[in-house]
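Report on one structure; see the data block that follows.
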Amino acid sequence: LAALAAPAQAQDFPGSAPIVAVVPFAAGGPTDKVARDVTAVMARHLKGQIVIENVGGAGGTIGAKKVATARNDGHTVLIHHIGMSTAPALYRQLGFDPLKDFEMIGEIADVPMVLLGTKSLPPDNFKDLLPYIKANSSKLFLANAGIGSASHLCGLLFMSTIGTQLGTVPYKGTAPALTDLIGGQVNLMCDQTTNVAGQIKAGVVKPYVAMQSTRIDAFKDIPAAAEQGLPGIEVKIWHAMYAPKGTPPAVVEKLSAALQAAVQDPVFRGKMEELGAQAATGERARPDSLRKHLGNEIAKWTPIIRAAGVYAD
Ligand code: MLT
């Protein structure tokens with residue numbers, strides 16, 4: 001009988017009830033930005049309403065856990081990033097399995113990261129920043145969005161590459177962290193360009209280096225890590241959408257079809273490019289592609305994190 005109901009459920013999906021898209025970080029941050037832009041287009045294709053619910057904390061795992069145990073009728077989805085693949089190695093009591101407890105919908109966008117300083121930080125370029133960090137490491141604080149967040153991983157990579165540990169200050173997202181970076185309460189932060197594009201253009205923060213081997217098209221004047229003698233730094237934050245395990249396949253297909261249309265929408269693609277990001281291709285916005293990618297990313301990050309001996313709990 002349930003199987004018979006599924007097609008009707010899928011045909012009417014989403015109906016008048018809004019779809020809740022959980023963003024596991026504070027409002028106004030980079031994950032929230034990608035979520036709001038992609039769901040605005042998806043809602044049109046689904047002829048329904050999608051509302052964002054920000055559930056921050058613990059590097060995105062609190063929001064992810066909420067969706068893992070939500071009703072699997074298609075009216076709750078998760079929009080998360082690379083942190084979905086690092087959480088299993090970082091959290092011993094994670095409380096969910098990213099591959100087993102979710103249906104895959106598809107990938108959304110890739111976002112580059114930049115190392116930023118507060119305006120009052122004396123060095124004006126990366127060459128001067130490195131000796132300054134080494135000489136003042138006990139007094140400098142690096143902000144992030146919690147263990148397992150993109151900003152945390154990028155900060156880990158940066159500190160291990162330069163061989164210097166800094167104090168770190170976790171926030172529920174890099175939106176609140178950016179406020180403190182601008183205010184000078186923290187000194188440095190690795191963040192996604194979707195969050196800091198406006199502040200870089202307004203000159204209220206100091207962008208030192210793009211955390212990848214090539215310059216970011218929308219920010220050509222920020223030198224790339226490879227140019228600054230930081231070998232092997234290639235941080236790109238991928239974002240994807242998930243639904244609770246057991247969401248009917250026909251509903252998953254409808255959600256993925258709307259996501260594929262959204263990532264190919266010229267307005268969404270243009271918004272991402274303006275912010276230095278890149279919308280996923282239609283093929284990547286499919287469930288099977290995301291399942292493969294997530295599996296590969298978990299396999300890639302687990303040994304790296306285990307070797308670093310970093311745990312969140
Ligand atoms: C992160 O560092 O994981 C993200 O920037 C968090 C956020 O979207 O605020």
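As the structure lists them, so they are numbered: ligands from 1, and atoms in each ligand from 1.
- Atoms of ligand 1 lying under 4.0 Å from at least one heavy atom of A150, given by number and element, are 1 (C), 2 (O), 3 (O).
- Near Q192, with a cut-off below 4.0 Å to any heavy atom, the atoms of ligand 1 are 4 (C), 5 (O).
- Taking a cut-off of under 4.0 Å to the non-hydrogen atoms of A145, the atoms of ligand 1 that pass are 1 (C), 2 (O), 6 (C).
- Heavy atoms of other residues, nucleotides or ligands lying less than 6.0 angstrom from NZ of K236 number more than 12.
- Using a 4.0 Å cut-off to heavy atoms of S149, the atoms of ligand 1 that qualify are 1 (C), 2 (O), 3 (O).
- With hydrogens left out, the protein atom closest to atom 5 (O) of ligand 1 is T174 OG1, 2.8 Å, a heavy atom.
- Within the 4.0 Å heavy-atom cutoff, P30 counts among the residues contacting ligand 1.
- For atom 2 (O) of ligand 1, the closest non-hydrogen atom on the protein side is S151 OG, 2.6 Å.
- Near D191, with a cut-off below 4.0 Å to any heavy atom, the atoms of ligand 1 are 5 (O).
- Distance from atom 8 (O) of ligand 1 to its nearest protein heavy atom, with residue and atom name: T31 OG1, 2.5 Å.
- For the ring-ring contact (aromatic ring centres under 6.0 Å, His included) test with F25, the passing option among H152, H80, H239 is H80; the others fail.
- If you check the side chains of Y242 and D101, you find no donor sitting under 3.5 Å from an acceptor.
- The environment of NZ in K134 is crowded: more than 12 heavy-atom neighbours from other residues, nucleotides or ligands sit within 6.0 Å.
- Near G173, meaning under 4.0 Å from any of its heavy atoms, are these atoms of ligand 1: 9 (O).
- A side-chain donor-acceptor contact under 3.5 Å links T174 and D191.
- Looking at ligand 1, you won't find any N or O of H152 less than 3.5 Å from one of its N or O atoms.
- Side-chain contact between D37 and V267 is absent, with no heavy-atom pair separated by less than 4.5 Å.
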